[in-house]
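What follows is a single structure, written as structure tokens, with notes after it.
Nothing fancy with the numbering, it's 1 onward along the sequence.
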Amino acid sequence: MSLGYAEKLSYIEDVGKVGMSEIFDPPRVLQEKIEKLAIMIQKSKHLVVFTGAGISTSCGIPDFRGPKGIWTLQREGKALPEASLPFHRAMPSRTHMALVELEKAGILKFVISQNIDGLHLRSGIPREKLSELHGNSFMEMCPSCGAEYLRDFEVETIGLKETPRHCSNDVCGARLRDTVLDWEDALPSKEMNPAEKHCKMADVVLCLGTSLQITPACNLPLKSLRGGGKIVIVNLQKTPKDKKANLVIHGLVDKVIAGVIDQLNLRIPPFVRTDLLQIIFAQGLSLDERYVNWTLRVASVHGKNAPLPFIRSVEVSFSEGQNMKEAFLHKQPFKLKRRTVTKTKPFHILLKVNFSDGCGCSCTEIKIPVDFQVSVECGEYDNDAIFKKLKDKAMKNLRCGRFAVIERKGTEIPKSEATVYAVVTNIVVYDKTPKAFGNASLSNGRPKMRSEGVHGIETSRKRRTQRKKRKVDNEQ
């Protein structure tokens, strides 16, 4: 992984404390502790979970203080390994999905995360039950009306800076900002206040994969003690809060939580990732009205110039009988311009959408009917039902690449029609050994896509440059 991820958290961390050795409880002791934790969770009335980098290491995102953590390698003068799986394609871990199951069962009341990888939201934890203390690399926020926008790409900036996009609320339109904190930024009250509230209400605060050294966040679990709450810490290293905890478990977080779910007779749900794209077909008559000039564009739903990170290229062909040349669109924006004789009969455009590294299959194929008629009426789509049906079908055959239309709208001037598709791009089933389906294989007990190396997740080169510069400034 590059330095971009570490950069976003290290502003309040003491780098001198890295490199702590890992501790593993003996198997029998570990099992006893898992059973004890399961009983505590079963009896709890207000369970709060507090998470750190350790719950995402099995997703390919390194932690900081572990033997192979970002800061450990830096302190030892070792190079950080190059990554081949993009940050935006990281999949939730078994722990992420287990928390989703606990929330759906009514057991888990709130999640507090120090991570900026966005995996809690992506896994299915409701936004109103989540505090992301340090922000989310994939979230933009409107400083005027407070609207939030979850993206499928890593937002370009950090430090609550303005981004290239604007609020889509017609009465607002303010310039959006990223949500990831920088060195000088205080924890936002919007995230901190509900976190404090739920910790004070908690009878159990379960700390997962965190060294509990980042202040002031690390003191949040202690707020449960005054009301008689209990603290449980699951981590591979010792923490400064161990003496305050009722139970300390030294083991892999995924293994511990999977054991708890088993004890509670629950099941870790599968993860089905869907990504969105829109296909825009615009047309207009030539000056002599003999031809229809038309443009086909495969675009992001997040704005005109927003990237489509999960698409590598688009191959365009046409139904039989059409004397039109095929096209290979290998560079964004994916755009094709053609002209057709005015009285051309209806035909089909065939799109082969090739996915980028980290997706569970190589491509999907979409057939687009063209009759040069545009409906300006927006159809009513029950998106919740559509997404459920799409995911159910994908799970039935364990096949990525399925898609469904979730929105269609047209305009008369200019004459165009935009259709939004939801596409299943990853499926992960979490049983005793998680399995990723499609063009995927397994590595070290976690899903490993074909293109993925052992070195984890990659963030943007711009972030790496920013981090290197800031490190030099910090050392001067």
For this session: Find out whether Pro307 and Gln332 are in side-chain contact, i.e. whether some heavy atom of one side chain is under 4.5 Å from a heavy atom of the other.
Result: yes
Exercise. When the ring planes of Trp294 and Phe318 are compared, do they come out parallel, tilted or perpendicular, using 30° and 60° as the limits?
Worked result: perpendicular
For this session: Tell me, with the steps shown, if Gln237 and Glu22 meet side-chain contact (heavy atoms from CB on, under 4.5 Å).
Result: CA-CA 5 Å; Gln237 294 96 24; Glu22 292 182 342; 3.6 Å; yes
For this session: Can you measure from NE2 (His302) to CG (Leu150) and round to the nearest 0.5 angstrom?
Result: 7.5 Å
Exercise. In terms of heavy-atom contacts, does NZ of Lys415 have more than 12 from other residues, nucleotides or ligands at under 6.0 Å?
Worked result: yes
Seminar exercise, completed: Here the pair of heavy atoms bringing Cys359 nearest to Asn426 is C-ND2, 3.6 Å
Problem set entry | Check: Thr51/Ser113 side-chain N/O donor and acceptor closer than 3.5 Å | yes
Exercise. Within the distance-only criterion (no hydrogens, no angle test), does the side chain of Asn293 pair as donor or acceptor with the backbone N or O of Arg339 below 3.5 angstrom?
Worked result: no
Exercise. Does the side-chain contact (heavy atoms from CB on, under 4.5 Å) test come out yes or no for Thr95 and Leu208, once each step is laid out?
Worked result: CA-CA 9 Å; Thr95 298; Leu208 300 176; 3.9 Å; yes
Exercise. For Ile280, does its backbone N or O pair with a side-chain atom of Arg297 as donor and acceptor, under 3.5 Å?
Worked result: no
Problem set entry | Intermediate values then yes/no, side-chain contact (heavy atoms from CB on, under 4.5 Å), Ile107 and Leu266 | CA-CA 11 Å; Ile107 298 171; Leu266 298 174; 4.3 Å; yes
For this session: Verify the distance criterion only: is there a donor paired with an acceptor across the side chains of Asp178 and Thr163 at less than 3.5 Å?
Result: no
For this session: With rounding to the nearest 0.5 Å, note down the distance linking CG in Asp254 to NE2 in His96.
Result: 9.0 Å
For this session: Kindly check if the number of other-residue, nucleotide or ligand heavy atoms within 6.0 Å of NE2 (His330) is above 12?
Result: no
Exercise. Which residue, Asp152, Asp357, Asp275, forms the side chain to side chain donor-acceptor pair (under 3.5 Å) with Arg89?
Worked result: Asp275
Exercise. Is the count of non-hydrogen atoms from other residues, nucleotides or ligands lying under 6.0 Å from Lys393 atom NZ greater than 12?
Worked result: no
Exercise. For Lys129, does the NZ atom have more than 12 heavy-atom neighbours from other residues, nucleotides or ligands under 6.0 Å away?
Worked result: yes
Exercise. Any donor and acceptor pair, going by atom type alone, linking the side chain of Asp117 with main-chain N or O of Leu119 inside 3.5 Å?
Worked result: yes
Seminar exercise, completed: Nearest heavy-atom contact between Ser168 and Tyr149 is N-OH, 2.9 Å
Problem set entry | Glu156/Arg151 salt bridge by N-O under 4.0 Å criterion | no
Problem set entry | Parallel, tilted or perpendicular: rings of Phe355 and Phe310 (30°, 60°) | tilted
Exercise. Take atom CD in Glu35; do more than 12 heavy atoms of anything else shown fall under 6.0 Å from it?
Worked result: yes
Exercise. Do Ile112 and Val205 have side chains that get closer than 4.5 Å, going by heavy atoms?
Worked result: no
Problem set entry | Pairwise side-chain contact, Asp25 with Lys33, heavy-atom cut-off 4.5 Å (strictly under) | yes
Exercise. Side-chain donor-acceptor pair under 3.5 Å between Gln114 and Thr210, yes or no?
Worked result: yes
Problem set entry | Close side-chain approach of Arg338 to Lys325, heavy-atom, < 4.5 Å | yes
For this session: Grab the two heavy atoms, one from Tyr430 and one from Ser93, that are nearest each other, plus how far apart they are.
Result: CE2-C, 3.7 Å
Exercise. Is there a side-chain contact between Glu315 and Glu326 (heavy atoms, below 4.5 Å)?
Worked result: no
Problem set entry | Parallel, tilted or perpendicular, as decided by the 30° and 60° cut-offs, for the rings of Phe372 and Phe281 | tilted
Exercise. Are a donor atom and an acceptor atom from the side chains of Tyr421 and Thr364 found within less than 3.5 Å of each other?
Worked result: no
Problem set entry | From SG (Cys363) to CZ (Arg312), nearest 0.5 Å | 11.5 Å
Exercise. Do Ile116 and Asn136 come within less than 4.5 Å of each other through their side chains, counting heavy atoms only?
Worked result: no
Problem set entry | Sub-4.5 Å side-chain heavy-atom contact between Met395 and Val429 | yes
Exercise. Which heavy atom in Pro269 sits nearest to a heavy atom in Val100, and how many Å separate them?
Worked result: CG-CG1, 4.5 Å
Exercise. If every non-hydrogen atom of Ala147 is compared with every non-hydrogen atom of Cys167, which pair is closest and at what distance?
Worked result: CB-SG, 4.5 Å
Seminar exercise, completed: Output for pair (Met97 CE, Arg267 CZ), nearest 0.5 Å, gives 10.0 Å
For this session: Test Val423 against every option in Val353, Leu277, Thr274 by the side chain to side chain contact (heavy atoms under 4.5 Å, CB included) rule and name the one that passes.
Result: Leu277
Exercise. Do the non-hydrogen side-chain atoms of Phe87 and Pro309 ever get within less than 4.5 Å of each other?
Worked result: no
Exercise. Run the side-chain contact (heavy atoms from CB on, under 4.5 Å) check on Leu121 and Met139 step by step: do they pass?
Worked result: CA-CA 10 Å; Leu121 268 183; Met139 182 79 77; 3.5 Å; yes
For this session: Before accepting this row, confirm whether a basic side-chain N of the pair Lys388/Asp392 lies closer than 4.0 Å to the acidic partner's carboxylate O.
Result: yes
For this session: Taking all non-hydrogen atoms of both residues into account, name the closest pair between Val314 and Ile311 and its distance.
Result: CG2-CG2, 4.1 Å
Exercise. Say you draw a straight line from CZ of Phe110 to CD1 of Ile125; how long is it, rounded to the nearest 0.5 Å?
Worked result: 10.5 Å
Seminar exercise, completed: Output for pair (Leu264 CG, Glu101 CD), nearest 0.5 Å, gives 10.0 Å
